[in-house]
Amino acid sequence: MRSLLALAIIGAVMYVCGIDSNSRQTETPANLTQTRVDPKKDRETLMAELVTLAKEIAEASVNGDITLIARNTTDDFELTRIDGKVQNKNEALADVKQEKTIKSWSLDDPELVSFSEDAAVLRYTISLKLKNGASGRARVTDTFVKNGGQWLIKEQQQTLLREGLR
């Protein structure tokens, strides 16, 4: 009986002092609005970051800069080219040469398809104009993963759009 009374007293003291296992500091709505992140702004910021990275990698591809490409792709990177050929990182890097036939290129219509804290999918169109007057477009989907605080491309899928090179 004494042990039950002692437990009751300890329980009452814990409750009054706010040290029971159920008491938690709750955030007021004012605190929530101060710490809440705007998901739309987060999405826009991430998309801008990934588009910049995709443009840098495209520019490096045109210039034959395999160092930048190697640094911004995962070790298990995989590329599915417009001709359907699948390449690992080493095979893809071996094919990178300075493109002297390209007059201009652009990355158009970017869309952040999905994202989480450590993965994202970006889809866009690459448009090319060659020095001989031919042009073409490819739809590109990049899958990014975050590694050591840096976004890296893990996989890229390229699909030649119907109009192709003309």
Side-chain angles (χ1 to χ4, degrees), residues 27-166:
E27 293 190 43
T28 64
N31 288 343
L32 287 175
T33 58
Q34 291 172 356
T35 58
R36 188 171 293 161
V37 177
D38 182 355
K40 184 177 179 183
K41 186 175 181 183
D42 258 6
R43 183 179 191 91
E44 291 170 0
T45 301
L46 177 58
M47 187 165 118
E49 182 180 348
L50 297 180
V51 167
T52 297
L53 181 55
K55 285 180 178 179
E56 288 172 357
I57 290 172
E59 182 71 25
S61 296
V62 170
N63 294 332
D65 182 358
I66 63 170
T67 304
L68 187 138
I69 299 167
R71 191 175 58 238
N72 289 287
T73 52
T74 61
D75 291 339
D76 61 345
F77 171 77
E78 188 173 270
L79 169 67
T80 304
R81 299 181 345 177
I82 59 172
D83 61 5
K85 184 176 181 182
V86 178
Q87 296 180 313
N88 65 30
K89 183 173 184 168
N90 290 335
E91 294 166 334
L93 290 173
D95 278 352
V96 175
K97 307 278 187 283
Q98 184 176 10
E99 296 291 339
K100 296 180 181 183
T101 61
I102 295 176
K103 180 178 180 180
S104 65
W105 65 271
S106 64
L107 189 150
D108 306 308
D109 306 319
E111 176 188 3
L112 187 57
V113 177
S114 65
F115 71 99
S116 67
E117 188 175 303
D118 57 359
V121 176
L122 180 69
R123 184 171 48 212
Y124 52 92
T125 302
I126 289 282
S127 300
L128 296 173
K129 290 186 182 174
L130 303 181
K131 291 178 180 175
N132 68 5
S135 64
R137 297 179 338 131
R139 184 73 156 179
V140 179
T141 303
D142 289 336
T143 302
F144 293 86
V145 294
K146 203 164 209 178
N147 186 351
Q150 178 183 358
W151 288 104
L152 302 174
I153 297 181
K154 180 175 178 64
E155 186 172 340
Q156 184 176 83
Q157 166 76 47
Q158 304 170 348
T159 306
L160 187 61
L161 294 178
R162 188 172 193 115
E163 71 265 12
L165 288 174
R166 331 179 258 252

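As a basis for the values below, the full set of heavy atoms in this structure was taken, side chains included, without hydrogen atoms, waters or symmetry mates. The first residue of the sequence shown is numbered 1, and numbering continues consecutively from there.
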Chemist: Rounded to the nearest 0.5 Å, how far does NZ of Lys103 lie from NZ of Lys131?
Modeler: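 Spacing of NZ (Lys131) from NZ (Lys103) equals 10.0 Å.
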Chemist: With side chain to side chain contact (heavy atoms under 4.5 Å, CB included) as the test, pick out the partner of Gln156 among Leu122, Val140, Thr143, Thr141.
Modeler: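 The option that passes is Val140.
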Chemist: State whether a side-chain donor-acceptor pair under 3.5 Å links Gln157 with Glu155.
Modeler: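 Absent: no donor and acceptor within the cut-off.
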Chemist: Looking at side-chain heavy atoms only, is the closest gap between Leu152 and Thr73 below 4.5 Å?
Modeler: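 When only atoms from C-beta onward are counted, Thr73 and Leu152 do not touch, as no gap falls below 4.5 Å.
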Chemist: Determine the minimum heavy-atom distance between Arg139 and Arg123, stating which atoms define it.
Modeler: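 So the minimum-distance heavy-atom pair works out to NH2-NE, 3.0 Å.
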Chemist: Distance from Lys154 atom NZ to Phe144 atom CZ, nearest 0.5 Å?
Modeler: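 Interatomic distance, Lys154 NZ to Phe144 CZ, rounded to 0.5 Å: 13.5 Å.
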Chemist: List for me each residue that meets side-chain hydrogen bond (donor to acceptor under 3.5 Å, both in side chains) alongside Asp83, sequence neighbours excluded, and say none if there are none.
Modeler: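 Per chain and number, Asp83 pairs via side-chain hydrogen bond (donor to acceptor under 3.5 Å, both in side chains) with Arg81.
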Chemist: side-chain hydrogen bond (donor to acceptor under 3.5 Å, both in side chains) with Tyr124: which of Asp108, Asp142, Asp109?
Modeler: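 Testing Tyr124 for a side-chain hydrogen bond (donor to acceptor under 3.5 Å, both in side chains) against Asp108, Asp142, Asp109 leaves exactly one candidate, Asp142.
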Chemist: Does Ile102 form a side chain to side chain contact (heavy atoms under 4.5 Å, CB included) with Leu130? I'd like the steps, not just the answer.
Modeler: CA-CA 4 Å; Ile102 295 176; Leu130 303 181; 3.9 Å; yes
Chemist: Identify the heavy atoms of Ala134 and Asn132 that sit nearest to each other, and give their distance.
Modeler: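 Shortest heavy-atom separation between Ala134 and Asn132 comes out as N-OD1, 2.9 Å.
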Chemist: Return the CZ to CG distance between Phe115 and Asp42, rounded to the nearest 0.5 Å.
Modeler: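 Rounded to the nearest 0.5 Å, the CZ-CG separation comes out at 6.5 Å.
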Chemist: Please tell me if the side chains of Leu46 and Leu112 come closer than 4.5 Å, counting only heavy atoms from C-beta onward.
Modeler: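 When only atoms from C-beta onward are counted, Leu112 and Leu46 do touch, with a gap below 4.5 Å.
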Chemist: I would like to know whether Ile126 and Arg137 meet side chain to side chain contact (heavy atoms under 4.5 Å, CB included); could you show each step before the answer?
Modeler: CA-CA 6 Å; Ile126 289 282; Arg137 297 179 338 131; over 6 Å; no
Chemist: Only pairs under 3.5 Å count here: list side-chain donor-acceptor contacts from residues 47-65, not counting sequence neighbours, and write none if there are none.
Modeler:
{"unit_1": "Thr52", "atom_1": "OG1", "unit_2": "Ala48", "atom_2": "O", "d": "2.9"}
{"unit_1": "Glu59", "atom_1": "OE1", "unit_2": "Trp105", "atom_2": "NE1", "d": "3.2"}
{"unit_1": "Glu59", "atom_1": "OE2", "unit_2": "Asn63", "atom_2": "ND2", "d": "3.1"}
{"unit_1": "Ser61", "atom_1": "OG", "unit_2": "Ile57", "atom_2": "O", "d": "3.0"}
{"unit_1": "Asn63", "atom_1": "ND2", "unit_2": "Glu59", "atom_2": "O", "d": "3.3"}
{"unit_1": "Asp65", "atom_1": "OD1", "unit_2": "Thr67", "atom_2": "N", "d": "3.2"}
{"unit_1": "Asp65", "atom_1": "OD1", "unit_2": "Leu68", "atom_2": "N", "d": "3.2"}

Chemist: Name all residues meeting the side-chain hydrogen bond (donor to acceptor under 3.5 Å, both in side chains) criterion together with Ser116; count only those two or more places apart in sequence or in a different chain, and write none if there are none.
Modeler: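 Ser116 satisfies side-chain hydrogen bond (donor to acceptor under 3.5 Å, both in side chains) with Asp118 only.
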Chemist: Look at Lys89 together with Asp76 and state whether they make a salt bridge at an N to O cut-off of under 4.0 Å.
Modeler: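 No, this pair does not count.
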Chemist: Taking C-beta and beyond as the side chain, do Val86 and Glu91 meet within less than 4.5 Å on heavy atoms?
Modeler: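 SC-SC contact between Val86 and Glu91 ruled out.
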Chemist: Take Thr125 and Leu161 through the side chain to side chain contact (heavy atoms under 4.5 Å, CB included) test and state the conclusion after the steps.
Modeler: CA-CA 9 Å; Thr125 302; Leu161 294 178; 3.9 Å; yes
Chemist: Compare every heavy atom of Phe77 with every heavy atom of Ala92, then report the nearest pair and how far apart it is.
Modeler: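 Of all heavy-atom pairs spanning Ala92 and Phe77, the closest is CB-CE2, 4.1 Å.
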Chemist: Any sub-3.5 Å donor-acceptor pair from Lys97's side-chain atoms to Ala94's backbone N or O?
Modeler: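 Yes, Lys97 side chain to Ala94 backbone: donor-acceptor pair under 3.5 Å.
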Chemist: Regarding Asn88 and Glu78, do their side chains bring together a donor and an acceptor under 3.5 Å, going by distance alone?
Modeler: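 There is no such pair between these side chains.
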